[in-house]
Chemist: 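Pasting in a structure now, in structure tokens, and then I'll have a few things to ask.
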There are 2 protein chains.
Amino acid sequence: MAMDHYTQLCPRFEKAMELLSKRWTALIVFRLLTGPLRFSEIDNSLPNLSGKVLSERLKELEVEGLIRRDVYPEIPVRIEYSLTDKGSALTPLFKDIGQWATEWIVLPSDSETM
Amino acid sequence: MAMDHYTQLCPRFEKAMELLSKRWTALIVFRLLTGPLRFSEIDNSLPNLSGKVLSERLKELEVEGLIRRDVYPEIPVRIEYSLTDKGSALTPLFKDIGQWATEWIVLPSDSETM
DNA sequence: TACACTAAATTACATAAAGTAAGTAGAACA
DNA sequence: TGTTCTACTTACTTTATGTAATTTAGTGTA
């Protein structure tokens with residue numbers, strides 16, 4: 001009698017949510033929207049994200065086909081992460097979040113007027 | 001010299017991401033898109049979500065103004081959670097995820113053909 | 001009064017996920 | 001051999017979440 005309202009509307013949707021709601025995943029994708037980045041660049045651009053978890057997430061995202069890992073045998077080696085088409089296709093999502101945030105998120109600093 | 005590329009583009013966006021990428025939060029909002037639900041209904045509709053965490057999330061979402069908590073003094077008491085305008089405004093977001101999922105998510109069962 | 005019923009929420013405890021800081025891999029070169 | 005560099009990885013600590021039992025609060029009822 002459990003799962004009264006559990007309508008598994010769309011397994012694809014659930015999979016997408018599982019992916020995107022995993023901690024740091026969306027932010028990493030967001031960072032890559034503007035172009036390829038190296039490991040250290042992503043790491044530096046997201047304070048509180050540890051190199052350990054970044055490493056895990058990048059692997060997961062590569063396995064899921066959202067990002068690509070390119071090795072440039074320079075000195076020292078340069079490794080760049082970039083979005084695939086599947087990853088770039090998330091752009092509208094971030095636009096929506098941006099719009100929603102602009103309209104609805106009130107910051108502490110906003111309360112200075114009155 | 002840390003935070004090379006850390007451009008705090010929009011604090012509102014960061015706040016939104018912090019909110020939405022917290023585990024279970026988005027799924028709870030999603031469940032409420034179709035109308036008010038009681039505690040036990042949300043709990044039952046999301047397997048693996050514990051009542052403890054659901055309780056925490058509902059409080060956070062109420063504090064953030066995404067949901068409303070209505071008490072109906074029936075016997076026994078009935079408590080309903082529903083989306084505020086701020087919460088409902090996330091609808092396009094979920095539409096985007098749905099579209100993205102339809103287009104890009106491939107399920108194991110899809111590989112049966114060839 | 002005492003006990004039962006119900007839904008919501010909290011608690012104590014166990015497991016899983018994430019953060020921290022030190023260390024490794026491999027390539028170049030002094 | 002030892003040093004430098006970036007990209008990881010590992011051992012360990014802290015935080016977050018899951019599990020199951022318990023509490024709260026209102027009502028009914030023996």
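Just so we're on the same page: letters track the sequence lines, and every chain starts at 1.
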Chemist: Can you list every ring pair (Phe, Tyr, Trp, His ring centres under 6.0 Å) pair that touches residues 40-66 of chain B, not counting sequence neighbours?
Modeler: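 Not a single pair qualifies under ring pair (Phe, Tyr, Trp, His ring centres under 6.0 Å).
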Chemist: Test of understanding: with side-chain hydrogen bond (donor to acceptor under 3.5 Å, both in side chains), list the residues that count as partners of B:K15, not counting sequence neighbours.
Modeler: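 If we apply the side-chain hydrogen bond (donor to acceptor under 3.5 Å, both in side chains) test to B:K15, skipping adjacent residues, the hits are B:E64.
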Chemist: Between residues 68-79 of chain A and DNA chain C, which residues have a heavy-atom gap below 4.0 Å?
Modeler: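 Output list: A:I75.
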Chemist: Mind calculating the distance between CZ (B:F39) and P (D:dA25) to the nearest angstrom?
Modeler: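 Distance, rounded to whole Å: 16 Å.
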Chemist: Which parts of residues 59-67 of chain A get close to DNA chain C, meaning a heavy atom less than 4.0 angstrom away?
Modeler: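 Contacts with DNA chain C under 4.0 Å: none.
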Chemist: Mind checking what makes side chain to side chain contact (heavy atoms under 4.5 Å, CB included) contact with B:N48, not counting sequence neighbours?
Modeler: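 B:N48 satisfies side chain to side chain contact (heavy atoms under 4.5 Å, CB included) with B:W24 only.
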Chemist: A:L37 has an atom CG; how far is it from atom C1' of D:dA7, in whole Å?
Modeler: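 Answer to the nearest Å: 15 Å.
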Chemist: OP1 or OP2 of D:dT6 less than 4.0 angstrom from a side-chain nitrogen or oxygen of A:S40, does that happen here?
Modeler: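 Answer is no, no contact under 4.0 Å.
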Chemist: May I have the distance from B:L54 (atom CG) to D:dG18 (atom P), rounded to whole angstrom?
Modeler: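 Rounding to the nearest Å, CG of B:L54 and P of D:dG18 are 10 Å apart.
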Chemist: Does OP1 or OP2 of C:dA7 have a side-chain N or O of B:R38 closer than 4.0 Å?
Modeler: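 Answer no for this pair, as no side-chain N or O of B:R38 is under 4.0 Å from OP1 or OP2.
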Chemist: Which residues pass the side chain to side chain contact (heavy atoms under 4.5 Å, CB included) test with B:T102, not counting sequence neighbours?
Modeler: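 Per chain and number, B:T102 pairs via side chain to side chain contact (heavy atoms under 4.5 Å, CB included) with no residue.
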Chemist: What is the distance from CD of B:E80 to P of C:dA7, rounded to the nearest Å?
Modeler: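 In whole Å, C:dA7 P lies 14 Å from B:E80 CD.
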Chemist: List every contact pair, protein side and nucleotides 15-25 of chain C side both N or O, where the distance is under 3.5 Å.
Modeler:
{"unit_1": "C:dA18", "atom_1": "OP1", "unit_2": "A:R57", "atom_2": "NH2", "d": "2.7"}
{"unit_1": "C:dA18", "atom_1": "OP2", "unit_2": "A:R57", "atom_2": "NH2", "d": "2.9"}
{"unit_1": "C:dA18", "atom_1": "N7", "unit_2": "A:K52", "atom_2": "NZ", "d": "3.1"}
{"unit_1": "C:dG19", "atom_1": "OP1", "unit_2": "A:W24", "atom_2": "NE1", "d": "3.2"}
{"unit_1": "C:dG19", "atom_1": "OP1", "unit_2": "A:N48", "atom_2": "O", "d": "2.8"}
{"unit_1": "C:dG19", "atom_1": "OP2", "unit_2": "A:S50", "atom_2": "OG", "d": "3.4"}
{"unit_1": "C:dG19", "atom_1": "N7", "unit_2": "A:K52", "atom_2": "NZ", "d": "3.4"}
{"unit_1": "C:dG19", "atom_1": "O6", "unit_2": "A:K52", "atom_2": "NZ", "d": "2.6"}

Chemist: To the nearest 10°, give me the bend of the helix from C:dT1-D:dA30 to C:dA30-D:dT1, comparing the axes of its five terminal pairs at either end.
Modeler: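 Here the local axes at opposite ends form an angle of 40°.
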Chemist: What residues form a side chain to side chain contact (heavy atoms under 4.5 Å, CB included) with A:R23, not counting sequence neighbours?
Modeler: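 Applying side chain to side chain contact (heavy atoms under 4.5 Å, CB included) to A:R23 gives A:R57.
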Chemist: Which residue pairs pass the salt bridge (charged side-chain N to carboxylate O under 4.0 Å, His left out) test when at least one of the two sits in residues 74-92 of chain A, sequence neighbours left out?
Modeler: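 Sorted pair list: A:E74-A:R78, A:R78-A:E80.
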Chemist: Taking only residues two or more places apart in sequence, or in another chain, which ones meet B:S88 in a side chain to side chain contact (heavy atoms under 4.5 Å, CB included)?
Modeler: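 B:L83.
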Chemist: Taking OP1 and OP2 of C:dA9, is either one under 4.0 Å from a side-chain nitrogen or oxygen of B:Y81?
Modeler: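 Affirmative; the distance criterion is met.
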Chemist: Among all residues two or more places apart in sequence or in another chain, which pass the ring pair (Phe, Tyr, Trp, His ring centres under 6.0 Å) test with B:Y81?
Modeler: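 In terms of ring pair (Phe, Tyr, Trp, His ring centres under 6.0 Å), with neighbours along the sequence ignored, B:Y81 is linked to no residue.
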